[in-house]
Engineer: 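The structure's right below; bear with me while I get my questions together.
Both ligands and their constituent atoms are indexed starting at 1 by order of listing.
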Amino acid sequence: MSAGEALVRLEGVTCAYGAGPVLAGADLEIGPRDFTGIVGPSGSGKTTLLRAVLGTVTPVAGTVWRRPGLRVGYVPQVETVNWSFPVTVAEAVLMSRTTGRRLPWPSAAERAEVASVLDRLGIGGLGGRHIRELSGGQQQRVFLARALLRRPQLLLLDEPTSGVDVRARHDILRLLTELNAGGLAVLLTTHDLNGMAAHLPHLVSLNTSVTGRGTPRQVLTPEVLERTYGAPMEVLEHGGMRVVVDPAVLVTPTGARAPISATSSGRDGR
Ligand code: ADP
Ligand code: MG
């Protein structure tokens with residue numbers, strides 16, 4: 001990609017909230033058709049990296065360049081949202097367009113646009129429902145609708161599949177793939193290596209610093225994963241795809257989750 005095509009470019013970005021850096025020397029370039037997943041353990045700086053791209057955290061070192069006039073949509077992690085806020089799905093989505101002017105009297109055109117976005121996301125019948133009554137996957141799509149109404153060129157999503165079931169995860173992945181094929185750049189974080197990361201065209205792995213980047217085949221390797229998670233991880237080949245075995249837990253025959261150290265043999269159980 002030539003430099004002139006980038007939507008966002010981070011060079012040597014370091015972020016800190018207090019004492020030490022939580023993101024150190026990160027380089028990242030996002031082009032108009034990119035679909036990139038950021039992987040890494042909890043606390044590795046994934047959300048901070050998204051916030052640096054969005055501009056809601058100011059780096060202590062390095063530079064963030066955004067294409068002038070760039071429209072960015074942000075879908076927060078559903079767990080961080082206050083769901084008791086008394087609004088319906090349609091109102092929650094409309095607010096993203098009308099805040100600061102004449103809520104609650106949106107135009108007919110705005111209502112039609114909201115209805116069309118909700119339909120496209122498969123939640124068209126839920127406009128009158130309270131946001132609290134929705135499943136995790138439906139809540140995720142409400143926030144996606146809010147972000148899409150800004151007509152973004154770049155969509156940022158923080159852990160879009162956390163707290164959703166397998167079917168909703170599949171739907172979200174398909175939807176994002178379609179949006180990307182339609183010309184929207186997508187940057188998301190995920191700690192779901194097999195269900196999400198392995199299906200994306202490009203990954204960046206993070207553990208305060210960038211530990212790897214490339215295709216899933218290049219990033220989901222024992223070497224890069226150990227650098228990223230600080231523990232040895234097994235990678236299996238299944239149906240032409242990489243499958244990462246979670247080092248922290250094993251699913252026992254009874255379905256109970258148990259520490260690997262208690263159940264495995266021949267491993268040091270870290
Ligand atoms: P991730 O999304 O990978 O879990 P984060 O970017 O949220 O990581 O956090 C990186 C580190 O920064 C963590 O140690 C976290 O506790 C810390 N952190 C995140 N947000 C804040 C904040 N607002 N104030 C202080 N520390 C924070
Ligand atoms: Mg996070």
Engineer: Indicate yes or no: does an N/O atom of R51 lie under 3.5 Å from an N/O atom of ligand 1?
Structural biologist: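 Min N/O separation from ligand 1 is not below 3.5 Å for R51.
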
Engineer: Of the backbone and side-chain N, O or S atoms of Q77, does one lie nearer to the Mg ion (ligand 2) than 2.8 Å?
Structural biologist: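 Under 2.8 Å: Q77 has no N, O or S contact with the Mg ion (ligand 2).
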
Engineer: Are any of the side-chain heavy atoms of R150 and R71 separated by less than 4.5 Å?
Structural biologist: no

Engineer: Just by distance, do the side chain of R51 and the backbone of T56 share a donor-acceptor pair under 3.5 Å?
Structural biologist: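 Looks like yes, one N/O pair under 3.5 Å.
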
Engineer: What atoms of ligand 1 come within less than 4.0 Å of a heavy atom belonging to P41?
Structural biologist: 3 (O)

Engineer: Taking side-chain contact (heavy atoms from CB on, under 4.5 Å) as the criterion, tell me which of L188, I30, L155 meets it with F35.
Structural biologist: L188

Engineer: Quick one: does ligand 1 sit under 4.0 Å from the side chain of V22, the backbone, both or neither, non-hydrogen atoms only?
Structural biologist: side chain

Engineer: Name the closest protein heavy atom to atom 9 (O) of ligand 1, giving the residue it belongs to and the distance to 0.1 Å.
Structural biologist: T48 OG1, 4.0 Å

Engineer: Decide whether L156 and L70 are clustered together by the hydrophobic rule: side chain heavy atoms of Ile, Leu, Val, Met, Phe, Trp, Tyr closer than 4.5 Å, transitively.
Structural biologist: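 Yes; tracing contacts between hydrophobic side chains, which count when under 4.5 Å, links both residues.
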
Engineer: Short question: side chain of N207, backbone of S44 - any donor-acceptor pair under 3.5 Å?
Structural biologist: no

Engineer: Which of the atoms of ligand 1 are close to S42, meaning less than 4.0 Å from one of its heavy atoms?
Structural biologist: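 Every atom of ligand 1 under 4.0 Å from some heavy atom of S42: 4 (O).
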
Engineer: Run down the list G40, A19, G43 and name the one with the heavy atom closest to atom 13 (C) of ligand 1.
Structural biologist: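 Answer by nearest heavy atom: G43.
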
